[in-house]
Structure formats: C-alpha cells, structure tokens
Amino acid sequence: MKFEIDKVIPMPSKLSEFKVIKKSLPRQKELMIHRIVFKDNFPKYDVFNLSQLVYPPNLISERLLNTLQEAGMTGFVTIPFDKIVCE
C-alpha cells in the first residue's frame, strides 16, 4: 500500500470544526497528526484523550509510564509517540 500526504491543514481550535473536516473526507482518506504543539506554560497532564480526533486515542506522559513500570503494572501496551513539541 502506498502512502501519500494529500495536504496538511492546521488543527481547528474547536472540536466541532474538526468533525466537519473529518466527515468531509472520502472513505479512503484519513486524518493523521503531524505534530502536537504545547506551549511551555501548558499544564503537565499525564493522560491525553484524542479519541475524538485520530489514532492513537490516548497518550500518556513519560512520567506516568515510568510510574506504572516501576510499580510492576502489566496488561498494557505502549507505543512511542514522538510528534509532541513544547514551545
């Protein structure tokens, strides 16, 4: 399967605007996150739910991941997500 980027669009500030864009896509098109930018003063949350937007649906902080691993917690799978930038 060949993967091509059709176009890059900025993320709308409102979820309702995003849903309109997503619904306007043909069935074979999918939205993907190019990057997520947080301002330096953004709160240090440990869980981000993106299920309304795109896959992966949930992101967790490295801090939370380390805590879960140190506690010996099992039964979950993590995949690195390197598209977050802090400015």
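Along the sequence shown, residues are numbered consecutively beginning with 1.
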query: For Glu87, what residues pass the side chain to side chain contact (heavy atoms under 4.5 Å, CB included) criterion, not counting sequence neighbours?
result: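 With neighbours one apart ignored, the set is Arg35, Val37, Val85.
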- request: Please list, chain by chain and in numerical order, all residues satisfying side chain to side chain contact (heavy atoms under 4.5 Å, CB included) with Tyr45, sequence neighbours excluded.
  value: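 Side chain to side chain contact (heavy atoms under 4.5 Å, CB included) check on Tyr45 returns Phe42, Pro43, Phe48.
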- prompt: So do the side chains of Leu64 and Val47 get within less than 4.5 Å of each other, counting heavy atoms only?
  reply: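 In short, these two side chains touch, coming nearer than 4.5 Å.
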message: Let me confirm one number: the CZ-CD1 distance from Phe81 to Ile60, rounded to the nearest 0.5 Å.
response: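 Rounded to the nearest 0.5 Å, the CZ-CD1 separation comes out at 13.0 Å.
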message: Please report the interatomic distance OG1(Thr78) to CG(Asn58), rounded to the nearest 0.5 Å.
response: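 Separation between the atoms: 13.0 Å.
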message: Please give me the minimum heavy-atom distance between Ser61 and Asp46, naming the atom from each residue.
response: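 The answer is OG-OD1, 2.6 Å.
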Ignoring hydrogens and angles, write down the donor-acceptor pairs under 3.5 Å from the side chains of residues 65-75, residues two or more places apart or on other chains.
| from | atom 1 | to | atom 2 | distance (Å) |
| --- | --- | --- | --- | --- |
| Asn66 | ND2 | Glu62 | O | 3.2 |
| Thr67 | OG1 | Arg63 | O | 3.0 |

